[in-house]
Amino acid sequence: MSATTSTNVEQLYADIVQDLVPYYMDAVLLPNQQIILNSLNVSGSTGDQVRFPLMNTYDNAVSITEGTSIIGTAGAESNLIPTAANVTFTKRGLGVDVTEESLEDGGFDMVRNGVLSRLSGGIATATDVAGLAQCKTSFTNNDGVAGAANVNFTENFVISPEALAYAAKREPVVKVWYNPNKDLHEFRATVRNGFTALRPEFGRKIRSASLGGNQFSVAASKANIESIAKSVAHLRSASAPVGSDGMYIGLLDSGLELSINQQIAQAGATTISSLSDLGNNALRNAALAMVAGATLYRSNNLPNAS
């Protein structure tokens, strides 16, 4: 709670406490039902991790001789003993200091929005970075170009909504103190959450050149729409479930998005022929919402290939 008697600071603190979670949810990508179907909020419970039980893969039925034991026939016994994947919670935090002069001179609304944006954006980014790092660790199959394992290449992903699990132990919270020595108000936001891979075979990696420098000019280093289609095909062959929209999830950086748009719209060609609806959309909006069986999401928090 605030240690100052300033009405403005008390109102600022009340507004930030009320609005931090909505701002956080608007800024974070991964913890939503479209991308990660298996999500838990275990606030108030004990323990520093949570366990997700997993059903074993299905066994095919076998032919049974009339009058013989079904369970006694070789291959007819199906094991339902579940395995499990654990999520260990990690605390993520960010602090912002607001001087009394900022409140006096900056205006209440501007300071409020600035504090909310910094706090919510910071812990949201940390959450996404952790989840995408889990993807890098868990998904080993690469459908992209044979790029080098260094910072010039980005790991993009195509996943099933059931590939990952997310759990929150502490929803975003903020606390504030007044420092009389510096005449400022110290805002501190924290969240505790974690990720795990439930089905590593339900996620595919696409390594592609990052956007920037000279590395993206190397044509052989750019993944494209074929990489997306290849990942989707592999997920279908693994019987990976799709989302409610019938699509898988593509998590792409701006470099791979540009490569796909260039391919669809034939940007850079000496002439542009008659385009499809996809090509027209790529030229108009420089973005594709769905392609090759995947709904695409852009993120600047994807890990590099080092």
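Because only heavy atoms are used, hydrogens play no part in the values below, and waters and symmetry mates are left out as well, while side chains stay in.
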- Query: Is there side-chain contact between N304 and S210, with at least one heavy-atom pair below 4.5 Å?
  - Reply: no
Can you give each donor-acceptor pair under 3.5 Å made by side-chain atoms of residues 245-253, sequence neighbours left out, with the distance rounded to 0.1 Å?
residue, atom, partner, partner atom, Å
D245, OD1, M247, N, 3.1
D245, OD2, T295, OG1, 2.9
Y248, OH, A240, O, 2.6
D253, OD1, G255, N, 3.4
D253, OD1, L256, N, 3.0
D253, OD2, T154, OG1, 3.2

- So do H185 and L103 actually touch side chain to side chain, heavy atoms under 4.5 Å? yes
- With side chain to side chain contact (heavy atoms under 4.5 Å, CB included) as the test, would you mind laying out the steps for R188 and D97 before giving the verdict? CA-CA 9 Å; R188 302 294 182 262; D97 292 341; 3.0 Å; yes
- Query: Does S138 reach the side chain of F202, with side-chain heavy atoms less than 4.5 Å apart?
  - Reply: no
- Task: Report yes if the side chains of D48 and R192 come closer than 4.5 Å at any heavy-atom pair, otherwise no.
- Result: yes
- Message: Do I159 and I206 land in one hydrophobic cluster if side-chain heavy atoms of ILVMFWY residues count as linked below 4.5 Å?
- Response: no
- Task: Check for a donor-acceptor pair, side chain of N141 on one end and backbone N or O of R204 on the other, with a separation under 3.5 Å.
- Result: no
- Query: Given the rule that I, L, V, M, F, W and Y join up when any side-chain heavy atoms are under 4.5 Å apart, are L198 and Y166 in one cluster?
  - Reply: no
- Looking only at atom types and distance, does a side-chain atom of K205 sit under 3.5 Å from a main-chain N or O of G144, one as donor and one as acceptor? no
Can you list, pair by pair, the side-chain donor-acceptor contacts under 3.5 Å of residues 124-133, counting residues two or more places apart and other chains?
residue, atom, partner, partner atom, Å
T125, OG1, G121, O, 2.8
T127, OG1, Y24, OH, 3.1
T127, OG1, I123, O, 2.9
T127, OG1, N193, ND2, 3.1
D128, OD1, L29, N, 3.2
D128, OD1, L30, N, 3.0
D128, OD2, L29, N, 2.8

- List the atom of V111, the atom of S102, and the distance in Å for their closest heavy-atom pair. CG2-O, 3.5 Å
- Side-chain contact test, heavy atoms from C-beta onward, threshold under 4.5 Å: evaluate it for L119 versus Y23 and give yes or no. no
- Task: For residues K136 and A305, report the shortest heavy-atom separation together with the two atoms involved.
- Result: NZ-C, 4.2 Å
- Query: With the 4.5 Å side-chain cut-off for hydrophobic clustering, are I35 and V191 part of the same group?
  - Reply: yes
- Could you walk me through whether K91 and R170 pass the side chain to side chain contact (heavy atoms under 4.5 Å, CB included) check? CA-CA 9 Å; K91 180 180 178 179; R170 179 192 302 171; 3.9 Å; yes
- Give a yes or no answer on whether the side chain of K182 reaches the backbone of T99 with a donor-acceptor pair at less than 3.5 Å. no
- Query: So, for A294 and V232, which heavy atoms are closest and what is the spacing to 0.1 Å?
  - Reply: CB-CG2, 4.2 Å
- Item | N32 atom CG, neighbour heavy-atom count above 12 within 6.0 Å | yes
- Query: Could you go step by step and tell me if I228 and V158 meet the side chain to side chain contact (heavy atoms under 4.5 Å, CB included) rule?
  - Reply: CA-CA 7 Å; I228 304 289; V158 177; 4.1 Å; yes
- Within the distance-only criterion (no hydrogens, no angle test), does the side chain of S160 pair as donor or acceptor with the backbone N or O of P241 below 3.5 angstrom? yes
- Indicate yes or no: at least one non-hydrogen side-chain atom of N156 is less than 4.5 angstrom from one of L302. yes
- Message: Taking ring pair (Phe, Tyr, Trp, His ring centres under 6.0 Å) as the definition, give me every residue that meets it alongside F139, ordered by chain and number, with sequence neighbours left out.
- Response: none
- Query: Any donor and acceptor pair, going by atom type alone, linking the side chain of T196 with main-chain N or O of N86 inside 3.5 Å?
  - Reply: yes
- Message: For the backbone of K169 and the side chain of S43, can you confirm whether one donor and one acceptor N or O come within less than 3.5 Å of each other?
- Response: yes
- Item | For V87 against A167, the heavy-atom pair lying closest together | CG1-CB, 4.0 Å
- Item | E226 CD: over 12 foreign heavy atoms closer than 6.0 Å | no
- Message: Would you say that V242 contacts L235 through its side chain, given a criterion of any heavy-atom pair below 4.5 Å between the two side chains?
- Response: no
- Note on the structure: Of all heavy-atom pairs linking Y297 and Q34, the shortest is OH-CB, 3.8 Å
- Task: Taking all non-hydrogen atoms of both residues into account, name the closest pair between K175 and Y13 and its distance.
- Result: CA-CE1, 4.2 Å
- L184 vs Y178 side-chain heavy atoms within contact, under 4.5 Å: no
